[in-house]
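To keep things clear, I will list the structure first and then write my remarks on it.
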Amino acid sequence: MPRPKTTSSSVAFEGNTTHLKSSLRSAFLPSHLPAANAFIGAGMARYLGRLLALLFAASICGAVTIPGPVSDAHRSAASELFDGSFSSLEEAYEALRVFEILAIGNKPDVSATACKKVVENLGSSSPVKDLFYALKVNGILKCKVNADVFKDIAVRLKATVTDASTLVDMYYSIGSLVLIKDQVSDVDVLLADADGTFHSIKALSQSDGRWRYSSDNPESSTYAAGLALEALAGVISLASSEIDLSRVKTVKNDILKLFDSIEKYDDGTFYFDEKFVGGSEHQGSLSTTSSVVRGVIAFASVISGKVNLPGNKVLGLAKFFLGIGIPGDAKDFFNQVESLALLENNRVSIPLVLSLPETVYSLSKRDQLKVRVNTVLGSAAPPLTVKLVQAFRSDAKDSVIIESKELQYDKSNGIHVLEVFPDNVDVGTYVFVFEIVLHDSAGEKVFATGGQIHVPIYVTGIIEVSNAEIAVLDSDLGSVETQKKLDLAGNVVVELSANHLQKLRFSFQLKTPHGHAFKPHQAFFKLKHETKHEHIFVVGNTGKKFEIILDFLGLVEKFYYLSGRYDIELTVGDAVMENSFLRPLGHVDLELPEAPEKAARLPPLPVDPYLRYGPKAEIAHIFRAPEKRPPQNLSLTFLSLTLLPFIGFLVGLLRLGVNLKNFPSSAAPATYAILFHLGIAAVLLLYVLFWLKLDLFTTLKTVGLLGVFLMFVGHRILSHLASASSKLKSA
């Protein structure tokens with residue numbers, strides 16, 4: 001089962017990360033790579049370096065994630081997740097309960113809407129689950145509900161408990177009766193046969209501490225175990241007489257068996273995972289663990305005596321809920337916050353959370369180690385002392401550098417402080433082992449401290465770079481031809497020249513603030529040709545200094561026989577090195593032999609993928625020059641010729657003696673005649689518009705409509721004229 005994801009706002013790595021982040025910019029490849037594999041192809045190192053830097057940063061941030069108590073980040077997230085809109089009373093209760101636990105003052109007012117739904121559900125024959133959440137909401141808002149309504153509901157719920165055949169029905173029915181008991185004092189909610197009900201629920205339990213949902217279902221569930229324990233707690237509180245103690249003891253043993261199957265992470269985090277596979281809905285680890293916590297704490301609160309659970313497991317449950325950060329789902333957020341509220345105050349064991357505001361400390365700034373101890377909701381812890389049991393390097397667990405040191409308590413800020421790091425604490429990665437010691441020994445039965453707590457610590461500092469020199473050596477004799485001292489703390493510009501029969505040697509030393517030799521995580525020596533092809537080499541460590549010797553005779557094929565200028569660049573970086581750097585050193589003019597015919601060809605430069613999303617090159621398009629037009633006089637002459645047929649048409653009409661004698665005189669035929677002529681005029685106008693502005697498709701569509709119109713009115717007027725003509729002939 002994968003561990004729940006942690007959102008960015010939940011990471012407790014809130015300390016001084018400036019140096020850590022800046023040093024990661026230079027961290028590309030492990031410094032322990034073999035020299036034979038030190039060469040990296042041109043351009044490839046850039047992308048491989050970015051990838052490894054990201055992976056390295058992620059590993060460090062993951063290593064120093066120390067879950068702290070509930071903070072203001074949870075309150076901000078609650079205001080965003082629960083915005084006042086809800087589709088059911090279950091969602092309304094979750095929002096109200098979260099606001100109540102986190103003491104959020106500026107919250108949406110849903111009392112009017114919620115109380116209206118509460119009254120509607122309590123006054124009707126709603127499902128028992130709806131009654132349960134209506135009573136939950138009513139317990140917070142104190143809605144105005146008639147007392148007789150509670151009596152009617154109690155009678156119905158008692159009948160449901162008697163007839164219930166599934167664990168879920170008994171859970172909601174018994175839980176509703178308990179809520180009525182807490183809200184109304186004069187309603188009879190006691191169970192007449194509490195022993196029988198207790199036995200009915202217990203009969204669904206399994207030998208491993210899990211429960212079945214019903215007698216017809218053979219599959220057992222961890223989530224159902226939480227529901228069953230909460231229902232049994234309700235039966236005990238509703239019993240008219242004391243439940244048989246042997247049965248209570250059996251359930252306590254079931255709880256211990258259930259915790260025997262609890263899942264665990266290496267950092268001491270405990271959680272429950274759902275193993276029930278036959279149900280219609282699978283429960284995740286968060287909801288399953290939350291269900292068990294609710295059930296165990298509810299059962300422990302109503303019995304005499306105590307449920308003896310190991311304190312490290314209770315603290316591990318708290319680590320689980322805090323370690324998941326801030327869930328993005330409202331249901332998960334509710335399960336997290338309510339479970340933490342139950343762990344905050346219970347009769348089993350109250351976990352105390354040790355957290356560090358910072359896990360990266362700078363020797364140059366003389367940072368102080370600060371530790372906080374709170375409850376899971378951030379309340380003050382009882383009087384206690386935080387001891388630093390021991391501290392050792394991550395890569396040398398047997399060499400203890402700090403042992404049995406008590407941190408000073410700052411009452412004004414409520415923190416435990418180690419004011420000054422001992423002199424034997426140099427830059428590097430460490431593991432600090434803390435232990436919480438309560439002043440009152442009786443508090444060990446109430447609070448869970450978790451024993452020894454291992455916390456990774458990063459101590460950073462400024463690394464001194466000294467004795468840097470670069471030299472050109474004779475390949476045969478090994479004698480120094482050119483040698484220059486370099487001050488890497490200032491501006492460095494060297495100009496060298498070499499040929500393929502010579503070697504290039506570069507060396508330097510690194511020291512910590514306490515004068516010890518320092519081995520960085522990354523040390524690279526890069527040569528970049530003027531054609532932009534790069535060659536990167538890992539600088540080896542000889543113990544006292546870092547040194548690299550490049551034999552150009554063996555590298556001519558790697559360099560593709562490219563002579564010319566090569567820029568020199570040095571990269572040194574480490575997570576704990578505050579002054580990690582990437583610095584140009586100058587250049588070397590390298591003279592290499594001519595490439596043989598069968599030599600490898602120079603590969604093309606890789607395309608930077610980020611350029612795909614950059615601005616594109618501007619497209620310059622030149623339109624062709626317009627064709628030469630005819631003279632204006634010629635165009636006007638041609639227009640006059642096109643008008644001659646129309647003039648001839650008008651002259652022909654006058655010569656023929658056109659008249660309006662046959663124009664209809666009756667109203668209806670005259671109307672059709674006028675519409676027919678207007679339609680013809682509209683077609684002619686459409687031709688003109690087509691010539692001026694309309695496109696072909698619009699013109700054809702309009703002509704089609706006008707054609708239908710002309711056919712109709714033309715048929716009517718022609719029918720009238722034909723009828724009039726036949727009458728004249730018959731007369």
Side-chain angles (χ1 to χ4, degrees), residues 87-94 97 121-122 124-137 139 153-181 189 191 193-194 196-206 208-238 251 254-255 258 272-299 302 331-332 334-335 338-339:
S87 59
S88 65
L89 285 174
E90 180 180 2
E91 294 181 4
Y93 168 70
E94 291 171 357
R97 179 62 177 149
N121 279 272
L122 295 180
S124 61
S125 56
S126 301
V128 65
K129 180 180 179 180
D130 293 344
L131 290 177
F132 176 77
Y133 284 106
L135 291 169
K136 285 269 191 181
V137 173
I153 295 175
V155 173
R156 176 188 167 190
L157 292 173
K158 286 182 181 181
T160 304
V161 171
T162 304
D163 301 334
S165 59
T166 66
L167 177 61
V168 174
D169 288 341
M170 287 188 281
Y171 169 78
Y172 286 123
S173 301
I174 295 171
S176 298
L177 288 172
V178 173
L179 291 170
I180 294 176
K181 179 184 177 182
V189 294
L191 299 175
D193 186 17
T197 305
F198 195 98
H199 176 73
S200 299
I201 299 174
K202 183 63 181 70
L204 300 176
S205 66
Q206 302 294 289
D208 59 356
R210 295 186 293 165
W211 250 263
R212 293 177 295 160
Y213 280 102
S214 67
S215 57
D216 298 332
N217 191 347
E219 296 286 349
S220 55
S221 164
T222 306
Y223 182 85
L227 300 182
L229 292 173
E230 200 170 351
L232 291 175
V235 172
I236 295 175
S237 64
L238 295 173
V251 176
D254 290 340
I255 294 175
L258 183 63
F272 288 95
D273 196 13
E274 181 60 279
K275 299 181 176 63
F276 175 62
V277 296
S280 58
E281 182 180 357
H282 175 76
Q283 301 292 339
S285 57
L286 177 56
S287 57
T288 302
T289 307
S290 180
S291 174
V292 173
V293 168
R294 280 195 296 264
V296 171
I297 292 179
F299 187 80
V302 296
K331 184 70 174 181
D332 291 341
F334 164 75
N335 285 329
E338 188 185 47
S339 299

Less than 4.5 Å apart, side chain to side chain, heavy atoms only: is that true for [X] and [Y]?
X    : Y    : result
S291 : Q283 : no
N217 : L204 : no
V251 : F299 : yes
L177 : I153 : no
T197 : S200 : no
Y171 : Y213 : no
L131 : Y172 : no
S339 : T289 : no

Identify the two heavy atoms, one from [X] and one from [Y], that lie closest to each other, and give their separation to 0.1 Å.
X    : Y    : result
G209 : A225 : O-CB, 3.7 Å
G234 : V178 : CA-CG2, 3.7 Å
L135 : L179 : CB-CD1, 3.7 Å
S285 : D273 : CB-OD1, 4.2 Å
S176 : F132 : OG-CA, 3.3 Å
S290 : N335 : OG-O, 3.4 Å

Does this structure show an ion pair linking K331 with E90, if we count only N-O contacts that are shorter than 4.0 Å?
yes

Taking D254 first and then K202, would you say they form a salt bridge - that is, a charged N and a carboxylate O separated by under 4.0 Å?
yes

Pairs involving residues 284-299, ordered by first then second residue, that meet salt bridge (charged side-chain N to carboxylate O under 4.0 Å, His left out) (sequence neighbours left out)
R294-E338

Is it true that a side-chain atom of W211 and a backbone atom of L229 form a donor plus acceptor pair closer than 3.5 Å?
no

Donor-acceptor pair, side chain of S205 and main chain of I201, under 3.5 angstrom:
no

Measure the spacing between [atom1] of [X] and [atom2] of [Y] and express it to the nearest 0.5 Å.
X    : Y    : atom1 : atom2 : answer
E91  : Y133 : CD    : OH    : 10.5 Å
L238 : K181 : CG    : NZ    : 6.0 Å
S165 : D216 : OG    : CG    : 7.5 Å
L232 : M170 : CG    : CE    : 9.0 Å
F198 : I174 : CZ    : CD1   : 10.0 Å

Between T288 and T222, does the side-chain hydrogen bond (donor to acceptor under 3.5 Å, both in side chains) criterion hold? Intermediate values first, please.
CA-CA 7 Å; T288 302; T222 306; over 6 Å; no

Mind checking ring pair (Phe, Tyr, Trp, His ring centres under 6.0 Å) for F272 and listing every partner two or more places apart, or none if nothing turns up?
F259

Listed by chain and number, what are the ring pair (Phe, Tyr, Trp, His ring centres under 6.0 Å) partners of Y93, not counting sequence neighbours?
F334

Tell me every residue that passes side chain to side chain contact (heavy atoms under 4.5 Å, CB included) with Q206, counting only those two or more places apart in sequence or in another chain.
D208, R212, S220

Donor-acceptor pairs under 3.5 Å, side chain of residues 154-164 to any protein atom, not counting sequence neighbours: which ones?
from : atom 1 : to   : atom 2 : distance (Å)
R156 : NH1    : S126 : O      : 3.0
R156 : NH2    : S126 : O      : 2.3
K158 : NZ     : D188 : O      : 3.0
K158 : NZ     : D188 : OD2    : 3.2
K158 : NZ     : L190 : O      : 3.4
T160 : OG1    : R156 : O      : 2.9
T162 : OG1    : K158 : O      : 3.1

Does a donor on one side chain sit under 3.5 Å from an acceptor on the other, for D169 and T166?
yes

State, without any angle test, whether E274 and S221 hold a side-chain donor-acceptor pair at a distance under 3.5 Å.
yes

S173: which residues meet the side-chain hydrogen bond (donor to acceptor under 3.5 Å, both in side chains) condition with it, sequence neighbours left out?
none

